[in-house]
Amino acid sequence: MGILRLSHVDIKVPDMDLAAAYYSEVMGLGITQRTDDRIFFKCWDEEDHHSLAVRYDPRTGLDRFTFKVEREDDLDDLEHRVETYGFAVHRISEGEEIGQGESIRFETPSGHEMELVYEVEKVGNALGKLNPRMLPESTMGIAPPRMDHLLINAEEVGEATKFYMDVLGFRLTEQLLDAEGHQIGTWMERSHSPHDLAVVSGPNGALHHFAFWLDDWDHVRKAADILAYNAIQVDVGPTRHGVTRGNTIYFFDPMGTRNEVFTGGYRPDPDFPTITWTEDNIGKAVFYYEGEINERFVRVHT
Ligand SMILES: [Fe+2]
């Protein structure tokens, strides 16, 4: 019961054609629907209508992020919990939003618009369900099998994390503490992965990045080749995180939103004891091989 997993991320892009070209030809996502001002993308192994939606806006930024709940009555339950916590909840009726049924939207203490949805239109993956093949028939670019997680900014990481845990039921896998013991980074999960949602210090409402899953390290290497060939600005990597133990590359889409490809990490059960990193180890926590964080990684968000 409760939140199942990340459903989709909605971002603003100032150039629709550039967004379509980059996310389909370089990232290798499929376009499931396009309207005058929106494009909906999915990865080849995803079953649902979309995991990324872009909307035309002169400024790059985050519209909202959406998690999927396990049961229909989870929407009522979580609506009540969010309202009891003191935040107004807005109901979106079936048919109002492309590709999905009824949902609830609310602002979180970190200043983000969050959405919870139960029903998302199933469009099927690229393999089928009867004697399926192992790989899609053809792909372009990096072609990740699925979206994995997102990292958002918050002025008060501890307060934001308390909301996501106490009200929405996220479990804390790892935390980064400053010298006074305050949380400056937290990693939370609902889907038995090291993180579905993470929060780090920064301006309220901002998006640091969203990440696509790759199946192994060799696919990360191939992704780096594709990024370099297409002259995509790489932020950091390929390298490894101390937090999550995942392998990673950070890079920017041509409109300025940070993307990540991610693989590896451990598989936490719901009783997984939280791992703590201290600020004097922040370099290794974030980039284990480099042992330090570049200024751009800390300062740039959308
Ligand atoms: Fe990430």
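Just so you know, ligand 1 is whichever comes first in the structure, and atom 1 is the first atom listed for that ligand.
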Which atom of E260 approaches the Fe ion (ligand 1) most closely (N/O/S): OE1

Which N, O or S atom of H149 lies nearest to the Fe ion (ligand 1), by name: NE2

Centroid separation H149 to F65 less than 6.0 Å: no

For the residue pair E174 / T274, report whether a side-chain donor-acceptor contact shorter than 3.5 Å exists. no

D196/R5 salt bridge by N-O under 4.0 Å criterion: no

N/O/S atom of H208 inside 2.8 Å of the Fe ion (ligand 1), strictly under: no

In terms of side-chain geometry, is the basic nitrogen of D73 or R71 positioned less than 4.0 Å from the acidic oxygen of its partner? yes

